[in-house]
Engineer: 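I'd like to ask you about the structure that follows.
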Amino acid sequence: MGPCDADVAIVGGGYSGLWTAYYLTRLRPGLRVVLLEAERIGFGASGRNGGWCSCHFVGVEALLARAATRPVGIALQRAVFEAVDEIGRLCRSERIDCDYHRGGMLHFAANEAELHRLRERRRLLEACGFGREDHLWMDAGECRRRLGTPLALGGLLERHAAAVDPARLVLGLARAVERGGATLFEESPAVLVEPGRVRSVAGEVQAPVVLRATEGYTPRLPGVARDVIPVHSWMIATEPLSDALWDEIGLADRELFGDGRRMVTYGQKTRDGRIAFGSRGTYRFGSRIEERSGPDDPHFAPVRARLIEMLPMLERVAITHAWGGPLAIARDGRPFVTFDRATGFGAIGGYTGSGVAAAHLAGRSLAEIVVGEESPRTALPFVRGRPRRWEIEPLRWVGIASVLRVGEAADAAERRGRFPRLRDWFFRTMAGG
Ligand SMILES: Cc1cc2nc3c(=O)[nH]c(=O)nc-3n(C[C@H](O)[C@H](O)[C@H](O)COP(=O)(O)OP(=O)(O)OC[C@H]3O[C@@H](n4cnc5c(N)ncnc54)[C@H](O)[C@@H]3O)c2cc1C
């Protein structure tokens, strides 16, 4: 790429960086926006996620639960609903062929404790004024008609959620960003990202506005090693399934599906008739990022076991793909959009694994803030200062490993019909879940 000047330099070619660039060029046509991506567009989580374009936004539930913060929680939740729809609208208008289909997301309960939590969520949503147009309660029979799992005791279908092909979305978005006039450089890893400039092995960009959108890879950059931690999520995909199997499984409206455990599971029916399914998560000492792929890697066996437990008819079906990637968690567990007008430096991310719609909302807000346009989005609570940093190692590893282990143990105890109150309290307190 060589040295260049720009009005705005963005680091990171995932949804966050690209939506920010998209809205910057739409709000201010002619603005010189340059985006640097270390590998290829969509190399990070954006190109390999579970395709849940959903209204989950980490931290909303806590805001909804307290009377004092309820109004802002409702505003945030409605903004995420809108982001889910806006992505669909833009896919149509920008001709992004990513199989966007808004069939909702179905969380089912596989035991009494999960059923209790889902009922609590429904009660909370109703107390906040969300109604049948937003979510639908399903008893065991209705739930099993939607998703042929023998485990379902009941479920909650949240309507503001769409299945997408994540890689097609990020690649199509990149083309739309280029059509808007931004310049994208691939294979251009930034080694220094600071106010006024981005230094990359491929050259230096000087710009009065510099924005970082590096999510799970952030700890690799100097000076921000503890701003977020990378936690891995792991996924598998089956071979295309026969019509007979689909008759048993259901998902006639391509509903996204998962159960009610703490260690999140997420599945979708793909356009070519496979199931793509994943679960969280692992943290590696020192915020190391682990790359694994291939269905023969035994690392993916627990993910397959969870899928088979839910849908036993898949026992003999081949798993043809397996992969994973890092998502980012901020110390307080909340996403952030930061921008310091004095230095022109901003950062965005921390979606804790619910980033498909959230990155759209955050990127749009960041673009509005940069050009100085106020909107309902720029007043939302994720617009804030730099998040508190994580602890140093080995404290960080010990803390995160304990939370993940307690979460898994609590899920397992619930499967045995127990209510692990102490572990539940510990997990909620430590993980904000
Ligand atoms: C396996 C998996 C499944 C998931 N499933 C879902 C889901 O179903 N629904 C959902 O809502 N969320 C899901 N997520 C989370 C979601 O994918 C992310 O929150 C979202 O994609 C984040 O987008 P991003 O642009 O902020 O980060 P990323 O997509 O990770 O992009 C960051 C980019 O920055 C680049 N980069 C990093 N460092 C540098 C540097 N120094 N110089 C230049 N470029 C750099 C990286 O190469 C990368 O391309 C999942 C995540 C994973 C890993």
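Every number for a ligand or one of its atoms is a count from 1 in the order of the listing. Predicted model only: the values in this text are computed from it and were never measured.
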Engineer: Using distance alone, decide if ligand 1 has a nitrogen or oxygen within less than 3.5 Å of any nitrogen or oxygen in Pro189.
Structural biologist: no
Engineer: Between ligand 1 and Gly51, can you find any atom pair, the residue atom being a heavy atom, that is separated by under 4.0 Å?
Structural biologist: yes
Engineer: Pull out every atom of ligand 1 sitting under 4.0 Å from any heavy atom of Ser233, numbered as shown with elements.
Structural biologist: 1 (C), 2 (C), 52 (C)
Engineer: If you measure from each heavy atom of Ala359 to ligand 1, is any distance below 4.0 Å?
Structural biologist: no
Engineer: Which residue and non-hydrogen atom of the protein lie closest to atom 34 (O) of ligand 1, and at what distance in Å?
Structural biologist: Gly12 CA, 3.3 Å
Engineer: Answer yes when Arg271 and Asp97 have at least one side-chain N-carboxylate O distance shorter than 4.0 Å, and no when they do not.
Structural biologist: yes
Engineer: Is the closest side-chain donor-acceptor distance between Asp134 and His160 under 3.5 Å?
Structural biologist: yes
Engineer: Among all protein heavy atoms, pick the one closest to atom 44 (N) of ligand 1 and tell me residue, atom and distance.
Structural biologist: Ala38 N, 2.9 Å
Engineer: Atom CZ in Phe300, atom CH2 in Trp323: separation rounded to 0.5 Å?
Structural biologist: 9.0 Å
Engineer: May I ask you to list the atoms of ligand 1 that are less than 4.0 angstrom from any heavy atom of Leu36?
Structural biologist: 43 (C), 44 (N)
Engineer: Between Glu39, Glu215, Glu37, which one has a non-hydrogen atom sitting closest to atom 46 (C) of ligand 1?
Structural biologist: Glu37
Engineer: Looking at ligand 1, does any of its N/O atoms fall within less than 3.5 Å of an N/O of Gly42?
Structural biologist: no
Engineer: Quick one: CZ on Arg159 to OG on Ser54, what's the gap to the nearest 0.5 Å?
Structural biologist: 15.5 Å
Engineer: Measure the shortest side-chain to side-chain distance between Met138 and Leu156 over non-hydrogen atoms and say whether it is less than 4.5 angstrom.
Structural biologist: no
Engineer: What atoms in ligand 1 come closer than 4.0 Å to a heavy atom of Ala213?
Structural biologist: 32 (C), 34 (O)
Engineer: Please answer whether the main-chain N or O of Val80 pairs with a side-chain N or O of Glu82 as donor and acceptor at a distance below 3.5 Å.
Structural biologist: no
Engineer: Do Tyr266 and Ser233 meet the criterion of a side-chain donor-acceptor pair at a distance under 3.5 Å?
Structural biologist: yes
Engineer: Pairs of nitrogen or oxygen atoms closer than 3.5 Å, one from Gly50 and one from ligand 1: do any exist?
Structural biologist: yes
Engineer: Hey, which atoms in ligand 1 end up nearer than 4.0 Å to a heavy atom of Ser16?
Structural biologist: 24 (P), 25 (O), 26 (O)
Engineer: Does an N or O from Trp52, backbone or side chain, lie closer than 3.5 Å to an N or O of ligand 1?
Structural biologist: yes
Engineer: May I ask you to list the atoms of ligand 1 that are less than 4.0 angstrom from any heavy atom of Leu221?
Structural biologist: 41 (N)
Engineer: With nothing but distance in play, are any N or O atoms of Ser46 less than 3.5 Å from an N or O of ligand 1?
Structural biologist: yes
Engineer: Taking the basic N atoms (NZ, or NE/NH1/NH2) and the acidic carboxylate oxygens, is any pair closer than 4.0 Å for Glu204 and Arg199?
Structural biologist: yes
Engineer: Going by atom types only, do Ser365 and Tyr23 share a side-chain donor-acceptor pair under 3.5 Å?
Structural biologist: no
Engineer: Using a strict cut-off of 4.0 Å, indicate which atoms of ligand 1 neighbour a heavy atom of Tyr15.
Structural biologist: 21 (O), 25 (O)
Engineer: For atom 15 (C) of ligand 1, which of the options Gly353, Gly44, Gly267 provides the nearest non-hydrogen atom?
Structural biologist: Gly353
Engineer: Pick out which of Phe336, Phe57, Phe339 makes a ring-ring contact (aromatic ring centres under 6.0 Å, His included) with Phe382.
Structural biologist: Phe57
Engineer: Going by the order shown, which atoms of ligand 1 are within less than 4.0 Å of some heavy atom of Gly14?
Structural biologist: 25 (O), 29 (O), 31 (O)
Engineer: For Glu158, which of Arg121, Arg102, Arg132 qualifies under salt bridge (charged side-chain N to carboxylate O under 4.0 Å, His left out)?
Structural biologist: Arg121
